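Note that the coordinates shown come from a computational prediction; the quantities given were computed from them, not determined experimentally. A, B, ... follow the sequence lines: proteins, then strands. Residue 1 opens every chain.
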2 protein chains.
Amino acid sequence: MSEAVLSQAPASAEPKTLVEGAYQRLRRDIIEGVHPPGEKLRVEHLKDQYDVGAGTLREALLLLVTDALVVAQGQRGFRVAPISIEDFEDITRTRILLETEALRQSIALGGEDWEASVVAAFHRLSRAEQKLSDHDSEAADEWEKRNRNFHDALIAASPSRWIRHFQNILYQQSERYRRISLFRQPVARDVHAEHQALFDSTLARDAERATAILTEHILRTLDSVRHMPTDFLDGTSRR
Amino acid sequence: MSEAVLSQAPASAEPKTLVEGAYQRLRRDIIEGVHPPGEKLRVEHLKDQYDVGAGTLREALLLLVTDALVVAQGQRGFRVAPISIEDFEDITRTRILLETEALRQSIALGGEDWEASVVAAFHRLSRAEQKLSDHDSEAADEWEKRNRNFHDALIAASPSRWIRHFQNILYQQSERYRRISLFRQPVARDVHAEHQALFDSTLARDAERATAILTEHILRTLDSVRHMPTDFLDGTSRR
DNA sequence: GTGTGAATAAATCTCGAGAAAAAATATTGA
DNA sequence: TCAATATTTTTTCTCGAGATTTATTCACAC
């Protein structure tokens, strides 16, 4: 399954087991909206779609409960976790709380190797942002990866495995919201400038400024989702 | 299984399914130390012990991964999550971060019904603390429940489901540490005075004072675990 | 004695079928 | 026509057995 509990969410290493394979593919499909919020996840249907047995698929769904991407109701099966504006506001606020604390710790404790990895991650992200102008879907996927990588690098020097664990879950959640809203509104704001400022203040070890920028940065994502059509947001559409 | 993702950890409602039943019993046994940290959890052995099939027990173990009480390593089975001083320090700090924020929100937003439930929970806890003097194991269990109830009531008015979700996980984790250390050191410090101060400042809506007391309160638990024998803390003992 | 490698043992992972429960449909009676 | 009940269908839950993988034991050479 996963190597360790607290670093499991982003475990994209090659799957050692059928359960883990199905788990990873299902997670991707839920985040990308292939399975929309609120959708009933019937084991009998999905097992063919993902080429595994019924029991195996059930285990994969159980693992997704850990990420809060799937909800399970006893004796009534599984369902894609619903979404709502309120939930995303909550995710955003909690993410700010955790991520700014982690960044503060990183800035205080990070060594040279941490600095180097931040520089590298920022460089890779910048490159991806250059190629992002035309709406190329695979370039967007690459940007998504590198964006996450950059954010991970920033807080990597935090000694708190728990904060990073929770942050992983919340980042994943907000990625789902962003993906769904991205269909309509493709990377409007000048995100590169924000990343640049975040990068500069972090390397300057200016914790106050860096956390303030990070807060603004995360809040802006909330705004972009706020402006999207509301009919997207009720996970109540089911047959 | 569980009714909703974000309020699943303390779901002590009667189990609707065999998986959930096994999950609850296993969770209790892990927290109480029946299965010590680091222990290998062999499905073939446990399925008889908990009277369920192998697949069912696997699913219960998978659910425990959500609580970070069990770690799963692909193709190499399950294991009780190890413990360490560093981990408990991390748990404590993160818990303070989340719980003080939630308390601050509760104090700011809580209405009359919230106040009433806090008063009630404090009263019940106080009664349990009176009967706690002689080391009675069932009285201790009752105190444990009411203590958790009181802490839950304090932050119940926080609108953040995510903070409460994470706080649940962390409380559960620290309960395991406390239980293990309690074998040696039975409720030494005067915990009632702390609860009283926490209660008074909360009802007075003094957020600064209340969060300061809560921080001290949680930190003291860390100290009591710090002073316990270290040979208890390496989850490496296995056959 | 130590280390390498094959053979054995044990555990995990995977699957499909049967039992139990929930949901959907049809039937009956006012 | 509507409501309540009975039947059918669908879905979930549960189990044990077979296939893989990992761990252990034992023999053998160095």
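- Atom NZ of B/Lys16 is separated from atom P of C/dA21 by 12 Å (rounded to the nearest Å).
- Using a 30° and 60° split on the angle between ring planes, B/Trp162 and B/Phe166 fall in the tilted class, from 30° to 60°.
- A/Glu144 and A/Arg178 are joined by a salt bridge, as a carboxylate oxygen and a charged side-chain nitrogen come within less than 4.0 angstrom of each other.
- One can place CG of B/Leu62 at 14 Å from C1' of C/dT14, the figure rounded to the nearest angstrom.
- Minimum atom distance to the side chain of A/His45 is reached by D/dT11, of the listed C/dA21, D/dT11, C/dT14.
- Here B/Leu41 lies in heavy-atom contact (under 4.0 Å) with sugar-phosphate atoms only.
- Set against C/dT14, D/dT11, C/dA11, the side chain of A/Val19 has C/dT14 as its closest nucleotide.
- Using a 4.0 Å cut-off between a side-chain N of Lys or Arg and a carboxylate O of Asp or Glu, B/Glu39 and B/Arg79 do not qualify as a salt bridge.
- Going from atom CZ of B/Arg79 over to atom P of D/dT22 covers 15 Å, rounded to whole Å.
- Checking D/dC13, C/dT14, D/dT14 against every side-chain atom of A/Phe78, the shortest atom distance belongs to D/dC13.
- The nearest whole Å value for the distance from the CG atom in B/Leu63 to the C1' atom in D/dC13 is 13 Å.
- With respect to the salt-bridge test (charged N to carboxylate O, under 4.0 angstrom), the residues A/Asp152 and A/Arg148 qualify.
- Among the nucleotides D/dT11, C/dT14, D/dA23, the one closest to any side-chain atom of B/Arg76 is D/dA23.
- Put simply, CG on B/Leu57 is 15 Å from C1' on D/dC13, counting in whole angstrom units.
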Check nucleotides 15-19 of chain D against the protein and report each pair of N or O atoms closer than 3.5 Å, with its distance, or say if there are none.
unit_1 : atom_1 : unit_2  : atom_2 : d
D/dC15 : OP2    : B/Gly53 : N      : 2.8
D/dC15 : OP2    : B/Thr56 : OG1    : 3.0

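- Proximity note for B/Lys40 (side chain, C-beta onward) versus C/dC13, D/dT11, C/dA11: the nearest is C/dA11.
- For A/Glu20 and D/dT20, the CD to P distance is 20 Å, given to the nearest whole Å.
- When the C1' atom of D/dT22 is taken as reference, atom CZ of B/Arg42 falls 12 Å away, rounded to whole Å.
- Rounded to a whole Å, the CD atom of A/Glu44 is 18 Å from the P atom of C/dA22.
- Counting only N and O atoms by type, the side chains of A/Ser117 and A/Asp113 include no donor and acceptor under 3.5 Å apart.
- A salt bridge does not link B/Glu20 with B/Lys16: every distance from a Lys NZ or Arg NE/NH1/NH2 to an Asp or Glu carboxylate oxygen is 4.0 Å or more.
- Minimum atom distance to the side chain of B/Glu59 is reached by D/dT14, of the listed D/dT11, D/dT14, C/dC13.
- Partners of B/Arg146 by side chain to side chain donor-acceptor pair (under 3.5 Å), not counting sequence neighbours, listed by chain and number: B/Glu142.
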